[in-house]
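The structure appears right after this line, and notes come after that.
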There are 2 protein chains.
Amino acid sequence: MADGRMAQIYGGENLLFLTDEQLRQGIEAMFFAYRGFTADPDRILADLAYGRAHHRAIHFINRAPGTTVNNLLALLGVTKQSLNRVLRALIADGLVESRVGTSDKRERHLYLTDAGRALESRLSDAQRARMRSAYRDAGPEAVAGFRQVLEAMMDADMRRAYVRMRDGAA
Amino acid sequence: MADGRMAQIYGGENLLFLTDEQLRQGIEAMFFAYRGFTADPDRILADLAYGRAHHRAIHFINRAPGTTVNNLLALLGVTKQSLNRVLRALIADGLVESRVGTSDKRERHLYLTDAGRALESRLSDAQRARMRSAYRDAGPEAVAGFRQVLEAMMDADMRRAYVRMRDGAA
DNA sequence: TTGGAATGTCAACAAGGCTGACATATGATG
DNA sequence: CATCATATGTCAGCCTTGTTGACATTCCAA
């Protein structure tokens, strides 16, 4: 696809010409925005000798309490060795509790402890404040569009996981 | 900020209630979408023994040919040692050319070689295809909103760099 | 001439990915 | 019951990419 090519999008009354330049701008916006997106939690985590991997685990355990290790692996898209290293630290530090499954005793079900929930709140508050501020600056119609494009950008299996989680939670 | 709190956004005729739950969904959408966003270039890079760091350097050198190392450092937000390792590999492999500055000979100006441009195209084509597809699925109004929210999510200095680059390029 | 800026480079280290191999406990199935 | 598959944990080793600190070089500018 050589530079200069265009794609057209028809939508209602609007007609959008998508030049390569516009697509590049979207790519760069995504890159810079993701930095902002992670910046606040990163600062908090740095003081605690944790990283983004710990944040992600905490986030999804909070999101789906009692989730199994396998389920978490699928969501995070990492190997079990990588996740295990993170979980071991969180369990040792008393932020996560691992309970043997009742129906299937091979499974470990993961829960945040009170301390885990406290850290989750700190991280989540910071990240939501940024998200809320961005939403407010951009306005409600922009928010709907933002969500639509993000969803369309996911791989199919991630979109399925995302939608399931979105609709499953209150 | 406890769970259950709401923020309100007023925009035109619309009124959007931003529950913590909605903000969390936005956070998760961002996480999963970023994975999709990087997935295609990552696959290409894996075959070449390069990583995302190389991609980012190639991207911005292509974007602003003749940029200095310092300028690139500011855009990428990494240390010079980290960038230098990446640049050294790219220069050794003949993808990037480093020219001593004419007015200030301390500066190195960076350019893609023909081979570098070829790889840039491969990576960019893949990433733009994903972006174009997402834009097409979501529609033109969604795209405008997407860009607005992303921009509002950036740190102030990154937003400045982004806008400068966006408006500077054709 | 001297100080500071821009750059490059070396060493060491850490986080967090990966693969491969292996152990254990348990469920499921013939 | 025997066997195979599944879920998990763990060890060892490797890679990329980030970090700090130290130091050399080059060269502009006061």
Side-chain angles (χ1 to χ4, degrees), chain A residues 31 34-35 38-39 41-61 66-93 96-111, chain B residues 31 34-35 38-39 41-61 66-93 96-111:
Chain A
F31 170 67
Y34 197 78
R35 283 249 293 278
T38 57
D42 281 354
R43 267 188 290 272
I44 295 172
L45 292 158
D47 294 334
L48 303 172
Y50 289 140
R52 265 182 222 175
H54 302 84
H55 182 193
R56 291 194 285 260
I58 288 173
H59 173 95
F60 284 110
I61 294 172
T67 187
T68 63
V69 172
N70 245 1
N71 189 19
L72 207 49
L73 282 178
L75 283 175
L76 297 176
V78 297
T79 59
K80 64 170 179 174
Q81 293 90 333
S82 207
L83 176 58
N84 189 259
R85 180 168 36 195
V86 166
L87 284 181
R88 224 184 309 163
L90 292 174
I91 291 169
D93 294 350
V96 167
E97 191 190 350
S98 169
R99 299 186 204 151
V100 173
T102 49
S103 65
D104 186 336
K105 293 179 187 166
R106 291 170 303 179
E107 295 177 342
R108 304 301 147 95
H109 298 270
L110 303 169
Y111 300 86
Chain B
F31 170 68
Y34 198 78
R35 283 248 293 276
T38 58
D42 281 355
R43 269 188 288 274
I44 295 172
L45 292 159
D47 294 335
L48 304 172
Y50 290 140
R52 267 183 219 174
H54 302 83
H55 182 194
R56 291 194 283 260
I58 288 173
H59 174 93
F60 284 109
I61 294 172
T67 188
T68 63
V69 172
N70 243 4
N71 188 19
L72 208 49
L73 282 178
L75 283 175
L76 297 175
V78 297
T79 59
K80 63 174 178 173
Q81 293 90 334
S82 204
L83 176 58
N84 189 258
R85 180 169 36 200
V86 167
L87 285 179
R88 224 184 311 162
L90 293 174
I91 291 169
D93 295 351
V96 167
E97 190 190 349
S98 168
R99 299 186 204 152
V100 173
T102 49
S103 64
D104 185 338
K105 292 179 186 166
R106 289 169 303 180
E107 294 179 342
R108 305 301 146 96
H109 298 270
L110 303 169
Y111 300 86

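So that the names make sense, note that chain A is the first sequence line, chain B the second, and so on, each numbered from 1. Only heavy atoms go into these numbers, but all of them, side chains included; no hydrogens, no water, no symmetry mates.
Of the residues in residues 66-80 of chain A, Thr68(A), Val69(A), Asn70(A), Lys80(A) come within less than 4.0 Å of DNA chain D through at least one heavy atom, sorted by number. Near DNA chain C, meaning a heavy atom under 4.0 Å away, there are no residues from residues 42-51 of chain B.
The two atoms that bring Val86(B) and Ala57(B) nearest to each other are CG1-CB, 4.2 Å, heavy atoms only. Closest non-hydrogen pair, Leu45(A) versus Gly51(A), comes out as CD1-O, 3.6 Å. Residues Val69(A) and Leu87(A) approach most closely at CG2-CD1, 4.3 Å, considering heavy atoms. Closest approach of His109(A) and Gly101(A) over heavy atoms only: CD2-CA, 3.3 Å.
The residue among Ser98(B) and Ser82(A) whose nearest nucleotide of DNA chain C lies closer to the 5′ end is Ser98(B).
Nucleic acid contact for His109(A): none, since no nucleic acid atom lies under 4.0 Å from a heavy atom of the residue.
For His54(A), the ring pair (Phe, Tyr, Trp, His ring centres under 6.0 Å) test picks out Tyr50(A), with sequence neighbours left out. Under the rule for a side-chain contact (heavy atoms from CB on, under 4.5 Å), the partners of Arg56(B) that lie at least two apart in sequence or sit in another chain are Phe31(A), Arg52(B), Ala53(B), Leu76(B). Not counting sequence neighbours, Arg35(B) has no partner by the salt bridge (Lys or Arg N to Asp or Glu O under 4.0 Å) test.
A salt bridge between Glu107(A) and Lys105(A) is absent, with no side-chain N of the basic residue lying under 4.0 Å from a carboxylate O of the acidic one.
Annotation: the span from Thr67(B) atom OG1 to Leu110(B) atom CG amounts to 6.5 Å, rounded to 0.5 Å. Going from atom CG of Leu73(A) over to atom OG1 of Thr79(A) covers 7.5 Å, rounded to the nearest 0.5 Å. Within the model, atoms CZ of Arg99(B) and OG1 of Thr68(B) stand 14.5 Å from one another, a figure rounded to the nearest 0.5 Å.
Protein atom CZ of Arg88(A) is 14 Å distant from nucleotide atom P of dG17(C), rounded to whole Å. Atoms CG (Leu110(B)) and P (dA6(C)) sit 15 Å apart, rounded to a whole Å. dT17(D) atom P lies 8 Å from atom CZ of Arg56(B), rounded to whole Å. Whole-Å rounding puts the Arg35(A) CZ to dG18(D) P distance at 10 Å. Between the NE2 atom of His54(B) and the P atom of dT16(D) there is a distance of 8 Å, rounded to whole Å. As rounded to whole Å, 16 Å separates atom P of dC10(C) from atom CG of Leu83(B).
Side chain Gln81(B) to base dG21(D): a donor-acceptor pair is found below 3.5 Å. Arg85(B) contributes a side-chain N or O that forms a donor-acceptor pair with the base of dG18(D) under 3.5 Å.
Side-chain atoms of Asn84(A) lie closest to dG9(D) of the nucleotides dT9(C), dG9(D), dG8(C).
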Worksheet item: Tell me, for nucleotides 25-30 of chain D in 5' to 3' order, what letter each nucleotide earns: B for a base near a protein heavy atom under 4.0 Å, S for only sugar-phosphate near one, - for neither?
Response: -BBS--

